[in-house]
Amino acid sequence: MVCDNWTEKLDIYLDGELPAAEARALSEHLRGCPGCAAESLSRVQQKRALQAAGHRFTPDPAFRARIEKSLAARRPARWSRLWFPALAGALALLIVGAVFLNLNRERRNEQRLLSELADLHVATLASSNPVDVVSTDRHTVKPWFQGKIPFTFNLPELQDTPFTLVGGRVSYLNQSPGAELIFRVRQHEISVFIFQERALENVSRDETAQSALSFNVRSWSHDGLRYFVIGDASSQDLDKVSELIKAAG
Amino acid sequence: MPLFERLYNFACWLTHDRHEAEDLVQETYVKALKGFSSFQPGTNFRAWIYKILRNAFLTSRTGLKAGATEPLEVDGEGANLPAMKDTPESILLQRSDWQLVQQALEQLPVVHREVLLLCEVEEMSYQEIAATLAIPMGTVMSRLSRARRALRVEVQKMQGVGAKA
């Protein structure tokens with residue numbers, strides 16, 4: 001039997017959406033109330049079963065190819081309707097374009113890099129072994145990278161924050177090894193990539209906040225290392241985890 | 001194409017038909033491409049594209065039929081679900097039988113099915129679900145709670161049938 005005052009809150013708590021103070025109170029209550037604890041276990045089971053059951057349909061590769069082709073065909077059609085303004089625009093662009101050529105190239109490189117990082121992040125989450133070192137302890141995860149990557153870094157203290165460290169793995173970008181750390185906030189997983197700056201020569205060193213394929217991305221440079229934080233968590237969460245990592249710097 | 005597999009899975013769950021789901025996904029990408037200028041950078045892309053897919057579904061033949069035969073709004077007094085007694089016997093899913101859950105999910109009205117899928121399978125936050133379904137956060141919570149209860153009732157019904165068989 002679930003205690004009346006918690007019935008409504010239990011699902012919100014398990015969805016990770018209950019405000020921190022209430023979540024603490026409920027978590028305290030669950031420790032001492034077998035009825036609520038059993039109910040919360042059954043709801044967690046329901047969530048897991050639904051997660052497994054929900055991933056049911058996979059698209060046919062032929063369908064993917066068909067849709068890609070049809071979308072590609074649409075783009076020139078749009079351009080043909082807009083050829084005149086496009087031509088005028090192109091001429092204007094030609095005149096000023098040269099000035100911004102370098103800037104654009106840099107931005108393109110950055111976009112390509114972000115897409116690649118988004119791919120790495122998704123590939124990690126899709127993997128059955130997302131991390132090679134499984135530990136919430138930063139003093140286990142950091143030393144694990146010794147001898148595997150040609151640099152070292154500091155990990156933040158996560159006590160009293162909504163973030164937990166899931167683990168880490170070695171990742172590669174532009175044929176250079178780097179570290180990928182997985183953090184969790186509520187149900188979202190965030191990848192933090194750390195690479196040597198010289199492996200990313202063509203990319204701007206400015207601090208940026210942007211998005212790639214709907215993922216939020218934060219990036220900055222520190223001490224010869226380039227940091228990228230990527231995930232589907234909210235911008236605020238990404239800012240928070242970025243600040244924690246910078247503070248650990 | 002971002003979110004292709006996930007949108008397809010969601011579309012199949014909405015339509016119960018692979019061909020219709022394919023049409024829906026294609027329509028979604030065409031609309032997204034056409035209306036990309038209406039997407040505001042900094043807002044949630046995922047919620048935006050799911051909203052396009054859902055609106056396309058609601059105006060499709062199957063979506064209109066579902067709207068005609070099922071209540072599209074179940075957040076008010078109208079939701080008459082059997083009362084659940086939280087006894088140890090009623091604790092859901094002693095074994096995580098995902099096939100049973102799949103069947104139960106199929107039986108739910110679209111309005112319950114979609115909110116459960118967005119929360120549990122797409123792992124959207126309440127805020128993202130609110131943006132996708134264009135409903136307030138409070139409604140997301142109450143709708144989710146009803147949907148979960150409905151799913152439990154459905155699973156129990158099926159477990160009952162299974163036990164009798």
Side-chain angles (χ1 to χ4, degrees), chain A residues 1-3 7-12 14-17 34-36 38-39 41-60 62-64 66-68 70-71 74-75 78 115 118 122 126 186-189 209-216 232-235 237, chain B residues 1-13 18 21-22 25-26 29-30 33-34 41-42 44-46 48-49 85-88 90-105 116-117 119-128 137 141-142 144-145 148 151-152 155:
Chain A
M1 182 73 82
V2 186
C3 303
T7 317
E8 296 296 321
K9 304 272 169 74
L10 204 50
D11 281 328
I12 305 171
L14 296 174
D15 288 338
E17 298 263 358
C36 285
E39 177 63 21
L41 179 69
S42 95
R43 292 192 194 186
V44 168
Q45 280 179 323
Q46 180 183 6
K47 278 173 83 66
R48 293 218 175 116
L50 244 177
Q51 275 163 7
H55 290 288
R56 182 180 184 185
F57 306 99
T58 316
D60 187 352
F63 168 54
R64 191 189 183 109
R66 205 164 65 239
I67 193 169
E68 273 172 349
S70 95
L71 291 180
R74 260 162 211 281
R75 283 178 192 135
R78 278 187 67 201
S115 301
V122 172
R186 292 184 294 280
Q187 293 179 357
H188 301 276
E189 261 140 5
Q210 39 190 310
S211 63
L213 302 174
S214 91
F215 290 109
N216 283 316
D232 64 349
S234 67
S235 300
D237 282 336
Chain B
M1 286 181 296
L3 300 166
F4 178 70
E5 273 87 7
R6 288 181 164 272
L7 283 170
Y8 177 78
N9 182 55
F10 187 60
C12 284
W13 273 112
R18 281 184 177 263
E22 288 185 358
V25 170
Q26 179 153 12
Y29 280 110
V30 169
L33 200 66
K34 236 190 248 172
N44 193 303
F45 175 80
R46 191 160 62 141
W48 180 73
I49 200 157
K85 276 236 176 262
D86 292 320
T87 60
S90 78
I91 288 176
L92 179 80
L93 297 170
Q94 316 277 343
R95 57 204 168 100
S96 351
D97 188 344
W98 58 271
Q99 275 178 321
L100 199 67
V101 176
Q102 280 184 347
Q103 287 165 17
L105 195 56
L116 283 174
L117 288 166
C119 179
E120 307 291 20
V121 181
E122 300 312 320
E123 297 185 33
M124 284 191 179
S125 65
Y126 288 177
Q127 208 176 356
E128 282 177 289
M137 286 269 279
M141 289 190 237
S142 58
L144 258 176
S145 164
R148 283 177 167 137
L151 184 75
R152 275 191 250 191
V155 168

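Convention: sequence-line order gives letters A, B, ...; per-chain numbering from 1. Basis for what follows: all heavy atoms, side chains included, without hydrogens, waters or symmetry-related copies.
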Nearest 0.5 Å please: distance from the CD1 atom of A:Ile12 over to the CG atom of B:Leu144.
-> 9.0 Å

Do B:Glu5 and A:Thr58 have a side chain donor and acceptor closer than 3.5 Å?
-> no

Could you tell me how the ring of A:Phe63 sits relative to the ring of B:Tyr8: parallel (under 30°), tilted (30 to 60°) or perpendicular (over 60°)?
-> tilted

Under 4.5 Å to a heavy atom of chain A? For B:Glu122 that would be neither

Go through the steps for A:Lys9 and B:Met141 under the test side-chain contact (heavy atoms from CB on, under 4.5 Å), then give the verdict.
-> CA-CA 10 Å; A:Lys9 304 272 169 74; B:Met141 289 190 237; over 6 Å; no

Say you draw a straight line from CD of B:Gln102 to NE2 of A:His55; how long is it, rounded to the nearest 0.5 Å?
-> 11.5 Å

Considering only heavy atoms and a distance below 4.5 Å, find which of A:Arg66, A:Gln187, A:Arg56 pairs most often with chain B.
-> A:Arg56

Out of curiosity, A:Phe215 CZ to B:Arg46 CZ, how far, rounded to the nearest 0.5 Å?
-> 8.5 Å

Chain B heavy atoms under 4.5 Å from A:Arg186: which part of the residue, side chain, backbone, both or neither?
-> neither

Supply the atom-to-atom distance A:Asp232 CG to B:Leu3 CG, rounded to the nearest 0.5 angstrom.
-> 9.5 Å

Might you confirm whether atom CD of A:Glu8 has over 12 heavy atoms from other residues, nucleotides or ligands at distances under 6.0 Å?
-> no

Looking only at B:Ser145, B:Ala11, B:Ala104, B:Ser125, the option with the highest number of non-hydrogen pairs under 4.5 Å against chain A is B:Ser125

Name the one of A:Glu189, A:His188, A:Gln51 that satisfies side-chain contact (heavy atoms from CB on, under 4.5 Å) with B:Glu123?
-> A:Gln51

Considering non-hydrogen atoms only, spot the tightest contact between B:Trp13 and A:Gly54 and give its length.
-> NE1-O, 2.8 Å

B:Arg148 bridged to A:Glu39 by N-O distance under 4.0 Å | no

On a heavy-atom basis, the closest approach of A:Ile67 and B:Phe4 is CG2-CE1, 3.8 Å

Pair A:Arg48 + B:Glu120: basic N to acidic O under 4.0 Å | no

Enter the distance from A:Ser234:OG to B:Glu128:CD here, rounded to the nearest 0.5 Å.
-> 9.0 Å

Most heavy-atom pairs under 4.5 angstrom with chain B, which of A:Ala52, A:Pro59, A:Ala233?
-> A:Pro59

Taking it one step at a time, do B:Leu117 and A:Leu50 satisfy side-chain contact (heavy atoms from CB on, under 4.5 Å)?
-> CA-CA 8 Å; B:Leu117 288 166; A:Leu50 244 177; 5.5 Å; no

